[in-house]
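Following: one structure in structure tokens, then a few remarks.
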Amino acid sequence: FFVVRFRLVWVNCFLWCCFAEAPLPFAQMAATVTPAPSLRVSVGDPSTLSSPLELTTTHIHLNVDVDFERRVLRGYAELQLKALKDGLTTVVLDTRELTVRSVELTVGSGKPAPASFAVDAPTEALGAALRISLPSGTTLSSGATAVCRVEYETSPSCSALCWLEASQTDGGKHPYLFSQ
């Protein structure tokens with residue numbers, strides 16, 4: 001059993017939230033896209049189920065264990081979020097081929113608390129939306145911040161992770177992992 005502990009700046013198979021407000025030309029382009037009736041895509045970005053015009057991620061901290069034998073990552077991502085509009089009661093993040101174990105939210109300068117969450121049925125093109133509810137009676141107004149910590153494990157079939165056996169590497173001694 002070979003597990004390597006390391007920290008990543010970003011892993012593409014994990015959570016995608018908007019990193020900045022969509023530029024005006026893109027937002028105009030997105031408004032012209034007509035999604036399939038059963039697919040709820042973002043107004044600001046047709047390639048996400050999240051809400052990039054409502055919420056932005058200002059920082060991500062990942063802490064994961066790499067299990068080369070099982071070909072999975074497990075750990076947590078902590079996202080610092082900033083509301084771009086008033087009245088937000090739900091955080092929506094994109095996932096693909098993940099098992100979400102728990103979600104914890106810290107709103108403003110409050111204390112971390114377990115949050116209720118649901119993962120939608122997956123779509124072929126966009127993965128599955130992770131919908132996280134703010135505590136009852138809590139809303140985020142424009143400019144307000146929150147920290148969302150999601151504990152998860154990828155699946156061995158996670159399409160954004162590429163695993164190489166030691167024999168497939170240049171030195172032939174150690175396995176290799178890269179993400180797309």
Side-chain angles (χ1 to χ4, degrees), residues 7-23 26-27 30-31 33 35-36 38-64 72-155 158-161 179:
R7 293 180 188 200
L8 299 171
V9 175
W10 182 250
V11 173
N12 286 338
C13 79
F14 188 54
L15 301 170
W16 302 86
C17 192
C18 44
F19 290 96
E21 294 181 56
F26 183 72
V33 173
S38 62
L39 187 61
R40 296 173 301 193
V41 297
S42 166
V43 173
D45 182 348
S47 64
T48 181
L49 298 168
S50 70
S51 306
L53 298 179
E54 296 179 353
L55 193 66
T56 188
T57 301
T58 59
H59 181 77
I60 298 174
H61 172 83
L62 290 176
N63 186 324
V64 296
V72 297
L73 301 180
R74 69 179 165 273
Y76 67 86
E78 200 168 84
L79 292 83
Q80 293 179 4
L81 307 169
K82 181 178 176 183
L84 301 175
K85 67 177 261 186
D86 292 331
L88 298 179
T89 59
T90 305
V91 173
V92 181
L93 303 172
D94 288 333
T95 70
R96 180 177 293 276
E97 300 169 331
L98 293 180
T99 299
V100 177
R101 303 229 183 266
S102 67
V103 177
E104 187 177 87
L105 276 175
T106 306
V107 179
S109 59
K111 293 186 178 183
S116 60
F117 66 91
V119 179
D120 291 355
T123 66
E124 186 177 337
L126 300 176
L130 170 60
R131 298 182 188 281
I132 304 163
S133 300
L134 269 63
S136 181
T138 304
T139 61
L140 289 179
S141 12
S142 184
T145 61
V147 175
C148 179
R149 181 179 171 142
V150 179
E151 292 194 24
Y152 68 95
E153 183 172 307
T154 63
S155 73
C158 183
S159 58
L161 297 176
S179 68

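Predicted model only: the values in this text are computed from it and were never measured.
- Cys148 contributes atom SG, which lies 13.0 Å from atom OH of Tyr76 (distance to the nearest 0.5 angstrom).
- Between atom CG of residue Leu84 and atom CG of residue Leu53 there is a gap of 8.0 Å, rounded to the nearest 0.5 Å.
- Arg131 and Asp120 get closest at one heavy-atom pair: NE-OD2, 2.8 Å.
- Inter-residue side-chain proximity for Arg149 and Pro112 is flagged as unmet; no heavy-atom pair is nearer than 4.5 Å.
- The two residues Pro135 and Val107 come nearest to each other via the heavy atoms CD-CG2, 4.5 Å.
- The two residues Ile132 and Ala115 make their nearest non-hydrogen contact at CG2-CB, 3.9 Å.
- With sequence neighbours excluded, no residue satisfies side-chain contact (heavy atoms from CB on, under 4.5 Å) with Thr145.
- In this view, Glu153 and Arg70, Arg101 satisfy the salt bridge (charged side-chain N to carboxylate O under 4.0 Å, His left out) rule, not counting sequence neighbours.
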ask   = How far apart are the C-alpha atoms of Thr139 and Leu134, what are their side-chain angles, what is the distance that settles it, and do they pass the side-chain contact (heavy atoms from CB on, under 4.5 Å) test?
value = CA-CA 7 Å; Thr139 61; Leu134 269 63; 5.6 Å; no

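- Using a 4.5 Å cut-off on side-chain heavy atoms (C-beta onward), Leu130 and Val92 make no contact.
- Within the model, atoms CG of Leu55 and CG of Leu93 stand 8.0 Å from one another, a figure rounded to the nearest 0.5 Å.
- Not a single donor-acceptor pair under 3.5 Å links the side chain of Asn63 to the backbone N or O of Gly75.
- In this structure, Ala83 and Ser141 approach most closely via the heavy-atom pair CB-O, 3.2 Å.
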inquiry  = I'd like to know whether Val147 forms a side-chain contact (heavy atoms from CB on, under 4.5 Å) with Leu81, so could you lay out the CA-CA distance, the side-chain angles of the two residues, the decisive distance to 0.1 Å, and finally the verdict.
reply    = CA-CA 6 Å; Val147 175; Leu81 307 169; over 6 Å; no

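- The shortest non-hydrogen separation linking Cys158 to Thr154 is CB-CB, 4.3 Å.
- In this structure Lys82 satisfies the salt bridge (charged side-chain N to carboxylate O under 4.0 Å, His left out) test with no other residue, sequence neighbours excluded.
- Not counting sequence neighbours, the partners of Ser102 by the side-chain contact (heavy atoms from CB on, under 4.5 Å) test are Glu151.
- At a threshold of 4.5 Å between non-hydrogen side-chain atoms, the residues Leu88 and Thr90 do not count as touching.
- Remark: Ser133 engages no residue in a side chain to side chain donor-acceptor pair (under 3.5 Å) (not counting sequence neighbours).
- Annotation: side-chain contact (heavy atoms from CB on, under 4.5 Å) contacts of Pro122 (sequence neighbours excluded): Ala128.
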key: side-chain contact (heavy atoms from CB on, under 4.5 Å) between Thr57 and Gln80, intermediate numbers included   = CA-CA 6 Å; Thr57 301; Gln80 293 179 4; over 6 Å; no

key: Test side-chain contact (heavy atoms from CB on, under 4.5 Å) applied to Tyr152 and Thr99, step by step   = CA-CA 5 Å; Tyr152 68 95; Thr99 299; over 6 Å; no

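- When atom types are taken as modelled, the side chain of Thr123 and the backbone of Gly127 share a donor-acceptor pair closer than 3.5 angstrom.
- In this structure Ala146 satisfies the side-chain contact (heavy atoms from CB on, under 4.5 Å) test together with Leu140, sequence neighbours excluded.
- Ile60 CD1 to Leu79 CG: the interatomic distance, rounded to the nearest 0.5 Å, is 5.0 Å.
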